[in-house]
**Student:** 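Sharing a structure with you now.
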There are 2 protein chains.
Amino acid sequence: MMSCEQARGADTPSPCPHARSREGCVDCKVRLLSICAALDAGELCELESLSHPACFEPRTTLFLQDEPAEIVYNVTDGVVRLYRLLPDGRRQIVGFALPGDFLGLSMADRFGFSADAVTRVTTCRFPREVFSAFVDTKPHLLRRLHEFASHELSLAQDQMVLLGRRTAEEKVASFLMSLRDRWARVTGASVTVPLPMGRQDIADFLGLTIETVSRTLTRLARERALLIVPDGVRLLDLPRLERLAVA
Amino acid sequence: MMSCEQARGADTPSPCPHARSREGCVDCKVRLLSICAALDAGELCELESLSHPACFEPRTTLFLQDEPAEIVYNVTDGVVRLYRLLPDGRRQIVGFALPGDFLGLSMADRFGFSADAVTRVTTCRFPREVFSAFVDTKPHLLRRLHEFASHELSLAQDQMVLLGRRTAEEKVASFLMSLRDRWARVTGASVTVPLPMGRQDIADFLGLTIETVSRTLTRLARERALLIVPDGVRLLDLPRLERLAVA
DNA sequence: CGCGAAACTTGACCTGTATCAATGTCGCAC
DNA sequence: GTGCGACATTGATACAGGTCAAGTTTCGCG
């Protein structure tokens, strides 16, 4: 694990630590094949041959907002936070990328947000031009990409409702339920939801302070709606949480 | 103006009141040609021949969230509010559509939000299948559509920052500045920003109450940052408003 | 012109969440 | 083990914005 990119700016990120087979990055392949909504298996196999694996230590930066978007990332392991900053330092996290997610698919010439690793993160990267050329050879893929972007927009609108019109308790419950659903596609369904991101990250995602997130979790735990466990929570009263999280 | 669709459910919306020339809806053509970021002039001319004009009175519904998305709309005049509701009636407006904007471009099979007319609204409508077939004949158009969706996503993320991390005063200033920029593309640049939507609509867009919007506008007016005029505001202290609205 | 309804503004007060300040807990280096 | 730093929790207090309740303005309409 010593060869991973230690911080932003390293020119030659190491291959994935688990990329040992002659055919490429084994784990990358798993992730590529298993999850992404925008691409199908055959396309991903083809795409994989174009990939450059790279690994990032916790708290290191994948890319910054407004920087030229030269690379498309596929997260194969770990969690990435995506955020925008206000000039005075206030931060809004606009999403978390989980294994299987792509970053930089918008094909805009600059990144719309900054991204950094929450945990150790492994990725497959594609030079933007290569990815773009690949897409151009497959018109139906472009359509899928558009549907995918539209779906992301819909999720963004969910988040607007959450940020604009929901209470702290509803925000936290929504966050936990939707994160549970997302983990289900990575690690399988479970009432134990891993929370590799810190309380500050959750707060910045939900438009709250760290103290309010902490108090709300404590209260839900005291009322037996959930149990706080190391690095996550175990959901106990699913009907109640569901009710708080209603679309 | 008597022939416009009076309310949701009318089967045969009237043609645009100004659609009098033999070639089709003149004003529709103007709007189609002048603004939309996703399509170019030639494509729009072609598309126009497929359009069905329709007109909506204030407060009538264009479509509801989760309803099958059978139609693509191009707003040619007026303002439409796009919103989601929580089960208890709380409302989050996710955007306002101005002349030139398209609704239903996501090509998802259901609408992701509800839409109703704020002012009298005229539209050109395209059966979804026709629009979809049209797009399929032009691969490069699909790419443009994807870029367009990505841009919308970026705007949605701006709104997340606004909702999650900005004060009431910053929210109001941001709203006015960005609306000014959008009107500039419709009616030309001006320091007078029309506000055809009511205070409640602005509040539901900014995640505030009607009283807070009113107080904030009053305060900005008292401090000579702007002047409240019938159906809008005149921006006086642009540097100050700009500072409050910083990206 | 005058009425009535809807939209908007204003004021007084309240509350949810932020802020400020300890205190507690965990993991890790030595 | 012990100490240290990062992160999380808890408590006391403050305040931005919400809520409730009058007014006031606007405007359509007879």
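Note on naming: letters A, B, ... go to the chains in the order of the sequence lines (proteins, then strands), and numbering restarts at 1 for each one.
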**Student:** Output the rounded distance in Å from CG (B/L163) to P (D/dG17).
**Tutor:**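 Rounded to the whole Å, the gap is 13 Å.
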
**Student:** Students often mix this up, so state it plainly: with edges at 30° and 60°, are the rings of A/F63 and A/Y73 parallel, tilted or perpendicular?
**Tutor:**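 Because their plane-to-plane angle lies in the 30° to 60° range, the rings of A/F63 and A/Y73 count as tilted.
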
**Student:** If only side-chain N and O atoms of A/T212 are considered, is one of them under 4.0 Å from the OP1 or OP2 phosphate oxygen of C/dT17?
**Tutor:** no

**Student:** Would you kindly compare B/I210 and A/R166 by the position of their nearest DNA chain C nucleotide and give the one closer to the 5′ end?
**Tutor:** B/I210

**Student:** Report the distance from atom CD1 of B/I202 to atom P of C/dA7, rounded to the nearest whole Å.
**Tutor:**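 Roughly 13 Å, once rounded to whole Å.
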
**Student:** Find the distance A/Q200:CD to C/dT19:P and express it as a whole number of Å.
**Tutor:**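 After rounding, the reported distance stands at 11 Å.
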
**Student:** Can you tell me how far C1' of D/dA8 sits from CG of A/D204, to the nearest Å?
**Tutor:** 15 Å

**Student:** Among the candidates C/dA18, C/dT9, D/dG17, find the nucleotide nearest to the side-chain atoms of B/L208.
**Tutor:**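 Nearest nucleotide to the side chain: D/dG17.
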
**Student:** Determine, stepwise, if the pair A/R91 / A/S114 fulfils side chain to side chain donor-acceptor pair (under 3.5 Å).
**Tutor:** CA-CA 11 Å; A/R91 182 179 69 158; A/S114 303; over 6 Å; no

**Student:** In whole angstrom, give the distance that lies between atom CG of B/D231 and atom C1' of C/dA6.
**Tutor:**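 In whole Å, C/dA6 C1' lies 14 Å from B/D231 CG.
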
**Student:** Between D/dG28 atom P and B/E57 atom CD, what is the distance in whole Å?
**Tutor:** 14 Å

**Student:** Can you confirm whether B/L176 sits close enough to B/L195 that some side-chain heavy atom of one is under 4.5 Å from a side-chain heavy atom of the other?
**Tutor:**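 Yes; the side chains approach each other to less than 4.5 Å.
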
**Student:** When you get a sec, tell me which of C/dT9, C/dT19, C/dT17 is the closest nucleotide to the side chain of A/T209?
**Tutor:** C/dT19

**Student:** Give one of base, sugar-phosphate or nothing for A/T218, where a contact means two heavy atoms less than 4.0 Å apart.
**Tutor:**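 The answer is sugar-phosphate, as A/T218 gets under 4.0 Å only of primed atoms, P, OP1 or OP2.
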
**Student:** Between B/L206 (CG) and D/dA16 (P), how many Å, whole number?
**Tutor:**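 Checked: the CG to P distance equals 18 Å.
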
**Student:** Give a yes/no on whether any side-chain N or O of A/R215 is located under 4.0 angstrom from OP1 or OP2 of D/dT10.
**Tutor:**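 No.
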
**Student:** Set out, in order, the CA-CA distance, both residues' side-chain angles and the distance that settles salt bridge (Lys or Arg N to Asp or Glu O under 4.0 Å) for B/D116 and B/R59, then state yes or no.
**Tutor:** CA-CA 6 Å; B/D116 46 45; B/R59 299 139 157 285; over 6 Å; no

**Student:** When all nucleic acid strands are considered with a 4.0 Å heavy-atom cut-off, which category describes B/R219: base, sugar-phosphate, or nothing?
**Tutor:** nothing

**Student:** Using a strict threshold of under 4.0 Å (side-chain N to carboxylate O), is an ion pair present between A/R120 and A/D77?
**Tutor:**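 No, no charged N to carboxylate O under 4.0 Å.
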
**Student:** Write down the distance between NZ (B/K171) and C1' (D/dG18), rounded to a whole number of angstrom.
**Tutor:** 12 Å

**Student:** By nearest nucleotide on DNA chain D, pick out whichever of A/L217 and B/E211 is the more 5' one.
**Tutor:** A/L217

